[in-house]
2 protein chains.
Amino acid sequence: MSDNDLQRLFAALLHLDLPKSMASRLCALGGDVDIKCGAVAELDDPAVRFIVFVAEGVAKFVGHLGNDREQVVAFLLANDLTVFPRSDAVPYSLHGITDCRLFAFPADAFIRTIAADPDLAKAVCEHMFVAFDQSRDMSVLLGRKTAQERVATFLTSMAERIGKQNDDGVSLSLPISRREIADSLGLTIETVSRQFTELRELGIIDTNGRSDVTILDRLRIREVAALPC
Amino acid sequence: MSDNDLQRLFAALLHLDLPKSMASRLCALGGDVDIKCGAVAELDDPAVRFIVFVAEGVAKFVGHLGNDREQVVAFLLANDLTVFPRSDAVPYSLHGITDCRLFAFPADAFIRTIAADPDLAKAVCEHMFVAFDQSRDMSVLLGRKTAQERVATFLTSMAERIGKQNDDGVSLSLPISRREIADSLGLTIETVSRQFTELRELGIIDTNGRSDVTILDRLRIREVAALPC
DNA sequence: CGCACTCTTGATATTTCTCAAAATGGGTGG
DNA sequence: CCACCCATTTTGAGAAATATCAAGAGTGCG
């Protein structure tokens, strides 16, 4: 990883000019992590928490319960910043959904380093707070929403992240499979599939092939998702 | 809030001596929040994220979905530090479970201020990361665990936080009701109650009155909770 | 000591899961 | 460019888990 790479990344992620000196100090800490599609990332030290930046591609954090029970706790898209979970209760791993390029900094050293620049510290924390809030929203979804609400919420949130406005509505090309959707929503693939079908029959979405979805009715999908309108 | 109060709080929470100058700068930002048992906290500005410290008592963050659907996303006990959630997707509120005393700092200004002291920044971030990890663990619980696993996980985690070792095992006096437990585990009070009964019949716990629980078999409750042993 | 509220227990309803099979999509090679 | 093939997705029927509704029991406070 070069200082320039990092400066470009931070500019894209945080809308912030990283001073040269800070860039090189961070580079000294940082680890490039390249993950191939379908592979598991090997973070150097599983006992250390990492701050993860996504430069390219799509990845996921997965918690494991045994008996093939998996829960996706976050999808990471390009220009995301988040914290890789560390817990004595659940083992987590980081998987590439597509080939992807990440930067992982040991949290302790990273925080210590960026503290020298309050603007940078604020921008990084802001992103961590957003990720934290998403996790709380996920708890509400998983604890209290119905299958239909979960799928509608998922589509709404993906539309906000990667959707493109066009004539019919908002179109998105899902980079993730039904299994991964199910694993993130606490459902089975069959239930996810049935909910896609139902949303299509209700005229709220349209689908094309496995991954293309168009949200035809932005208001109604929010309603069905139990989101504030 | 006096500088001394804050210094005492930070010593207890973060095991860290807060310099006088930092204490008074933080005091200038900070808001005492006193919540009566059963009341809802009025945080000044609902559009601002807050860093919350618990000095005394027990509180909860609740996410609201309408139709009386509520999800408790965190219980706050004395000496906890966490981030009050802000989200466009779910409205959250902060409730006193007992009378309690909190300090709430606007996150932006707080981060900016503590950045001046890298040790302090690291300690605060460490606590935020722990809270974040708990939220991720909660997603795994809510997404993939059975009712029995959820209740066993809840009891294990409360035992770690407020349990007292004695001859029979680990005893705890739950400061929270079955309804609140249910609201945090994504279950109904009836299901929670049935799981308490079953754990008692299995000889894993003993109960006394509404709130006293003794964990008789630490290993077996972790097994039943699907926690690593 | 009694009353209000919480908790527990039981019977039934509903949702989602599981298991099984058919359909579809998208990539490959002829 | 088309046909084939494998993996993914969809659909269906039945099973399991938890929710709901309804009583009854207990706790602890005034």
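Proteins get letters first, then strands, A, B, ... in listed order; numbering begins at 1 in each. Side chains included, hydrogens not; waters and symmetry mates left out as well; all remaining heavy atoms used.
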Looking at CZ of A/R136 and OG of B/S87, how far apart are the two atoms once the value is rounded to the nearest 0.5 Å?
11.0 Å
Give a yes or no on whether the backbone of B/V58 and the side-chain of B/T98 come within a donor-acceptor separation of less than 3.5 Å.
yes
For the aromatic rings, using the six-membered ring if either is Trp, is the centroid distance between A/F10 and A/F53 under 6.0 Å?
yes
Check the distance between D/dA19's C1' and B/L185's CG and give it to me in whole angstrom.
15 Å
Any A/S193 side-chain N or O less than 4.0 Å from OP1/OP2 of D/dT9
no
Spacing between B/D68 atom CG and D/dT20 atom C1', to the nearest angstrom
14 Å
For the CG atom of A/L76 and the NE2 atom of A/H95, what is their distance to the nearest 0.5 Å?
11.5 Å
Whole angstrom is fine here: how far is it from CZ in B/R150 over to C1' in D/dA19?
12 Å
Could you work out how much the helix from C/dC1-D/dG30 to C/dG30-D/dC1 bends, comparing the axis of its first five pairs with that of its last five, to 10°?
50°
So does A/V224 get a backbone contact from the side chain of A/Q148, meaning a donor-acceptor N/O pair under 3.5 Å?
no
Just how far, in rounded Å, is P of D/dT9 from CD1 of A/I176?
11 Å
Please identify the 5'-most and 3'-most nucleotides of DNA chain C with any atom under 4.0 angstrom from a heavy atom of chain A.
C/dT16 to C/dG26
If we ignore hydrogens and angles and just use 3.5 Å, is the side chain of B/R150 paired with the main-chain N or O of B/L185 as donor and acceptor?
yes
For DNA chain C, whose closest nucleotide is more 5', that of A/S211 or that of B/R179?
B/R179
Taken to the nearest whole Å, CZ/A/R200 to C1'/D/dT9 is 11 Å
So, under a plain 3.5 Å distance rule, would you say the side chain of A/R210 forms a donor-acceptor pair with the base of D/dT8?
yes
A/N208 has an atom CG; how far is it from atom C1' of D/dT9, in whole Å?
15 Å
Full working for side chain to side chain contact (heavy atoms under 4.5 Å, CB included) between A/I221 and A/L155:
CA-CA 9 Å; A/I221 201 169; A/L155 289 173; 4.1 Å; yes
Kindly state whether the ring of A/F84 and the ring of A/F61 have centres lying under 6.0 angstrom apart.
yes
Please give, in whole Å, the distance from D/dT18 P to B/Q195 CD?
7 Å
A/T146 or A/E190, whichever maps to the more 5' nucleotide of DNA chain C:
A/T146
In whole Å, I'd like the distance from the CG atom of B/L187 to the C1' atom of D/dA19.
10 Å
First locate atom CD of B/E180, then atom CG of B/L174, and finally report the distance between them rounded to the nearest 0.5 Å.
10.5 Å
